Amino acid sequence: MSPTPPHDPSFGPDLVEVFGPQQTDGGPELVQLLTPEGERVHHPEFDLDFSADHLRGLYRDMVLTRRIDTEATALQRHGELGIWAQLLGQEAAQIGAGRALRPQDHVFPTYREHGVAWCRGIDPLDLLGLFRGVDHGAWDPAEKHFGLYTIVIGAQALHATGYAMGMQRDGVVGTGDPDRDAAVVAHFGDGASSQGDVNEAFIFAASYNAPVVFFCQNNQWAISEPIERQSRIPLYQRALGFGFPGVRVDGNDVLATYAVTQAALQRARDGQGPTLVEAYTYRMGAHTTTDDPTRYRLSDDVEHWKLKDPIARVEVYLKRNGLVDEAFLADLKKEADELGHHLREGCKALPDPEPGAMFEHVYAEETEELRVQREGFAAYHAGFESEGAR
Amino acid sequence: MSPTPPHDPSFGPDLVEVFGPQQTDGGPELVQLLTPEGERVHHPEFDLDFSADHLRGLYRDMVLTRRIDTEATALQRHGELGIWAQLLGQEAAQIGAGRALRPQDHVFPTYREHGVAWCRGIDPLDLLGLFRGVDHGAWDPAEKHFGLYTIVIGAQALHATGYAMGMQRDGVVGTGDPDRDAAVVAHFGDGASSQGDVNEAFIFAASYNAPVVFFCQNNQWAISEPIERQSRIPLYQRALGFGFPGVRVDGNDVLATYAVTQAALQRARDGQGPTLVEAYTYRMGAHTTTDDPTRYRLSDDVEHWKLKDPIARVEVYLKRNGLVDEAFLADLKKEADELGHHLREGCKALPDPEPGAMFEHVYAEETEELRVQREGFAAYHAGFESEGAR
Amino acid sequence: MSTSRITLAKGLNMGLRKAMEDDPKVLLMGEDVGKLGGVFRITDGLQKDFGEDRVIDSPLAESGIVGTAVGMALRGYRPVVEIQFDGFVYPAYDQIVCQVAKMSYRSKGRSPMPMVIRIPFGGGIGAVEHHSESPEAQFAHTPGLKVVACSNPVDGYWMIQQAIASDDPVIFLEPKRQYHADKADLDDTARPDPLFTSRVVRAGTDLTVLAYGPTVKTALAAAEAAATEGRSLEVIDLRTLSPLDMGPVLDSVRRTGRAVITHEAHVNLGIGAEVAARVSEQCFYSLEAPVLRVGGFDTPYPASRIEEEYLPDLDRVLDAVDRSFEF
Amino acid sequence: MSTSRITLAKGLNMGLRKAMEDDPKVLLMGEDVGKLGGVFRITDGLQKDFGEDRVIDSPLAESGIVGTAVGMALRGYRPVVEIQFDGFVYPAYDQIVCQVAKMSYRSKGRSPMPMVIRIPFGGGIGAVEHHSESPEAQFAHTPGLKVVACSNPVDGYWMIQQAIASDDPVIFLEPKRQYHADKADLDDTARPDPLFTSRVVRAGTDLTVLAYGPTVKTALAAAEAAATEGRSLEVIDLRTLSPLDMGPVLDSVRRTGRAVITHEAHVNLGIGAEVAARVSEQCFYSLEAPVLRVGGFDTPYPASRIEEEYLPDLDRVLDAVDRSFEF
Ligand SMILES: Cc1ncc(C[n+]2csc(CCOP(=O)(O)OP(=O)(O)O)c2C)c(N)n1
Ligand SMILES: Cc1ncc(C[n+]2csc(CCOP(=O)(O)OP(=O)(O)O)c2C)c(N)n1
Ligand SMILES: [Mg+2]
Ligand SMILES: [Mg+2]
């Protein structure tokens, strides 16, 4: 019943071409506008004229974001934070993405989007609460158009898609009014691309043509696991299989990231549907302050990526072109120092929640049983305090 | 800080080319070896010489499979089955896939794979138990190399991938020994392609280069939802985004399905990793016997697909080329009638399980608490029987 | 308006329609809820009348359905999600337990989750595996969710509207085998009981039977049968499983001194465990017998030909009543 | 061999190593279990010694991990899966509850599922949300799964080996805050208690305290403190949560007449509910007070700066003991 076939047909070249080796430098498809050496290059699809103000602004954002990160890392070392998720090396990806937003756009971040939070006008001090253990996020997501940090990997990609579907229903997509049309950005990492939720988000977004930009920071690592464990081809290509465009951008190039995200957002706002942006970057630090990357990766790699520092290249460009002067840099340094001071003092002053706060906001409408537990706890606590410790 | 860019870069043509309209007839990428009119055509990649015996065998398989299906449908109408999932129209896809297997290959089916089960030598009567409600599958998956029907959509795609990873560890992949090298087939539908589990299976299979063929019968419908709700591009292209090949084959063409599956299986056995085969077909019947497709689809579509009947085209080809004679057809009719009889009589005779059977095999090693429940139930039951009904 | 005679399926359908008419932010979403009207026809005709933007056929992915519904709720909508069968809620479990349940809490109330997740639940319809599950205890164990079960057409009509009106996420359990079973008179001008309340559905003096969803009918039948033997059983329809409305339960048990609770879910760690624990604690001096539990056995749901042996029925409830009186 | 002084993390690591040496079919799989040795270092050094084929770093997808492990088990392997933190088991919930738990049943025993799912569980480590959950009741409610929790280094060493040797799927809970806390002497020539048994860890006469995992230490501390006030508490480490080993519990409560159960999981429908229900039923005439439960409150796990107020501690256990004696 199952004869041996006369010849074994093999799959033609068009079926295997996707198996190209992982390009160590992002490959020819990498969209770049500013080289690691600080040279401005051009791209046929994604290019923009950046004003001097704009460039200085992006530079300032990155410098201050890095300062937030180093301060928080230090605060963790000093025991003021339980843990901190560093973004070192990913400043350009985040500032490029964050600054491409319009006020009416909405963002769903992971736990590492401190730079995007900065662009959304969130006081960096408000980011520390989660890591200090005093809250799960201190800002109002609706007011800031910036969701709470999501820790369950990938879950927010679906929230973003649903939010975008809500925008469609609100009639704020494709009207042509730039102050009205809106889109959503879903942030996630390379590791997250393996989660069912992220892939389902691709499916829903494609199916409903939802105005959402999937912004994946491929920082090459998911804790100890290299990107090769998650995908054998460049991640941006994942989108093609779901029927929407994917772009790989140099995530250490703030100009390119800005340009690509901006275009993807505009596409979404115009009603043309989702895009996957893969920001090709590198996690220069540990996964979090509790991680020890020396167990699983070579310091050579880190050294290699140091040469691609996202801030240094803009600095070189700005200086070489006389777009910054000493006064600007001195002001910025002062601003960073003040920010550092604000974070250090602010963090230590963050009050612990009242114990009774743990009973609050479980529901919009508290249940009778929870009221009883809350009051029982309060009485127990009160009795305990008046009695003194056993 | 967010200047309006001088021009709005749009995504180049290479980024949107995947947005082609859904090809109503499967499109040019459809691999076909036998047209609906029964004409043998050739394909540059996937072609085989089929012997007369082989062709007659495939024809017989399809005829008998259809008979199983019509008998079971009738049994449901007569109240002998609670429900039945018809495969009408999908015979070629299933027989082509099923006959491409070698004995050592392993299959993970959905609830509709009656044709594949037939190829694995499972007594069709054993398929009825699940639908009658006497068991969850009567065969030994290890013995038949055919898993139990999986009802939770997509779950089996991961099992298949894990099983294939087990084969890798057993050293039965890529040895070059045709009796040793093995692969796995995961069956699922177009609707299932939206489940996280199926997409995660793609990721794991690609990551470990597991010897698994993902065989998706795109029968255009997931109950009432058309394929467009699940994907805006041809499904086979999904694989490309995960880094392995996808092929769209005419699922109503048993020769093409055989050839493509066979090639994909060989690729897997050889250690070249996963393939997605999209068998482009049509669900001619209702989703199940409890479904009413007139609520959601046009009878015109069904009529259109009738012209592509998978059995008729082989019959035409066989007759036109003098490969079957009256005796063969009469024998086959008799064989089908006997099969029908076997199913009708066998189904009615299928014993209900003993009530106490519900306590069996919950664990390999029964727990003390379950033993107590089981014995309590037995005592209750016994007492009840001696007492008579209340 | 006026009185009509309706099934549970009809009551739910009418309730959904009313909620959609009353509030344009109410959206329905799920597999096959559109043209087909759902496999149980609960959403019949709604897409036709409210359009594809409000009655949304979804891709076949439950986590996707609930996860996007979270996003829609964050955007100000009130999504009502249909899970096709109880056994298919599990792919969405992570989104329900980690996201839906916690959103209000972690946002300090800034991001409420007014979402209803409708689940046809329970057995008795002769279905294949995964189509007869009773997952309620798992959701009731999750703070941040509210869990209710309707048992009759009139409650179906009111409770679904109340659940949709609630600013908290509600797991809404519908006893599927009752969908098209009994009819009842609906007076849609009546004032319904509040959502999170239990209700005495038959008064009695000797023993309290607690039930919800599909077993309310069983409990009432048992009470009827017991009456012929001279035993007066009080039957309470719990209706709300989280929070539990213990008031009527404790009142009743303090009077009767005995309680039996019955549900289709596995006994081990089913709702009965919690009720028994609370009643034992709070009626310690009134109980003349321990709270007895009659539920699905602690096995996976069996093949449907023996499901009637698995499911609690009138006889098993009466057997427990007998055992209670033996204490 | 000989005696060594080990932490729980070390005991588990040694136990895993032993199981892998003893049976080549044992595979480990999970996120970061390879070079990193897991975020808690429980699999430290194992990939180096057993290779990448037996200690498998997986893509970041829990359903994928458990689902492929099902396939490997069907192929004859004995996969031991690590879930990185309790809160991340939920994406795999469907595979666990619908596939792992039911495979033996639906195949009539032909396809057993010898799988261990290791879950570091519980709080007290100052972590961010989703890292301090106690999901055990949900699994214990699922027939087909067995659920155990270790509480100390020596049990860790033996129980993980026994769980791997079991032909049934075992949810294996590890109290993460004990990983590197206390050391104990391991005599690896000793004969361990069977896996599915509870154990009296401190004898007493006045009241029985039931605990498992992280709260065993709390219970022992409470007993110590109560002793100074002249109260003799018996402490039982349940060890097995499904099945429950009620023998030692009932024996004890029949002697003491009083019981308090404590766990970190939410009280509502936690393991304590089931234990209370069973004890109330089976010790009806011996109980001098109802079984009292001390657990995590019925709120989501709070911000870590107040987690110590949320978690059951010595004082709350003693408070319950006092309340028990007030009956
Ligand atoms: C569902 C889930 N599983 C596991 C984890 C534990 N975890 C936290 S971060 C992380 C790696 C994430 O990698 P990636 O998506 O690349 O993001 P990155 O941390 O590199 O920014 C893991 C496994 C989690 N938070 N959620
Ligand atoms: C997880 C899950 N969700 C929902 C269902 C209900 N259901 C059964 S079959 C089906 C449609 C499946 O469509 P497809 O994958 O195309 O396979 P087909 O039935 O067409 O063969 C649905 C939604 C299910 N069985 N499992
Ligand atoms: Mg990463
Ligand atoms: Mg289909």
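As the structure is a computational prediction, the values presented were derived from the model and not from experiment. A, B, ... follow the sequence lines: proteins, then strands. Residue 1 opens every chain.
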Check whether [X] gets within reach of chain A through its side chain, its backbone, both or neither, counting any heavy atom under 4.5 Å.
X: C:S166; answer: neither
X: C:A69; answer: neither
X: C:M29; answer: side chain
X: C:I65; answer: both
X: C:M103; answer: side chain
X: C:D245; answer: neither
X: C:S104; answer: both

- prompt: Between A:L128 and A:A72, what is the shortest heavy-atom contact and its length?
  reply: CD2-CB, 4.1 Å
message: So which atom in A:A183 and which in A:M167 form the shortest heavy-atom distance, rounded to 0.1 Å?
response: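 Answer, listing the atom of A:A183 first, then A:M167: O-CE, 3.6 Å.
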statement: Most contact-rich option vs chain A, by heavy-atom pairs under 4.5 angstrom, among C:I56, C:D94, C:L27, C:V66, is C:I56
query: Do you know which of C:G144, C:S111, C:G109 has the most heavy-atom pairs under 4.5 Å to chain A?
result: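 The candidate making the most pairs under 4.5 Å is C:G144.
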field: Separation between CD1 of A:I203 and CG of C:L60, rounded to the nearest 0.5 Å
entry: 10.0 Å
task: Evaluate the criterion ring-ring contact (aromatic ring centres under 6.0 Å, His included) for residue pair A:Y149 and A:H187; output intermediate values, then yes/no.
output: CA-CA 10 Å; A:Y149 279 3; A:H187 286 271; over 10 Å; no
Heavy-atom distances under 4.5 Å only: say whether [X] touches chain C with side chain, backbone, both or neither.
X: A:V172; answer: side chain
X: A:N199; answer: neither
X: A:A155; answer: both
X: A:F202; answer: neither
X: A:E369; answer: side chain

Quick one: which of [options] has the most heavy-atom pairs under 4.5 Å with chain C, could you say?
options: A:A138, A:G147, A:A164; result: A:A138
options: A:T161, A:T150, A:L370, A:L148; result: A:L148
options: A:H361, A:H136, A:E200; result: A:H361
options: A:D170, A:I151, A:D197, A:D135; result: A:D170

- request: State whether a side-chain donor-acceptor pair under 3.5 Å links C:T197 with C:R239.
  value: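 On atom types as modelled, these side chains qualify, holding a pair under 3.5 Å.
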- prompt: Is the closest side-chain donor-acceptor distance between A:Q217 and A:E113 under 3.5 Å?
  reply: yes
Does the distance from a Lys or Arg side-chain N to an Asp or Glu carboxylate O, for [X] and [Y], drop under 4.0 Å?
X: C:D49; Y: C:R17; result: yes
X: C:R78; Y: C:D167; result: yes
X: A:E143; Y: C:R110; result: no

- prompt: Is it true that the NZ or CZ of C:K146 lies under 6.0 Å from the centre of C:F196's six-membered ring and within 45 degrees of the ring axis?
  reply: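 So C:K146 does make the cation-pi contact.
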task: Verify whether the ring centers belonging to C:F139 and C:Y93 lie closer than 6.0 Å.
output: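 Close enough - the centres of the two rings lie under 6.0 Å apart.
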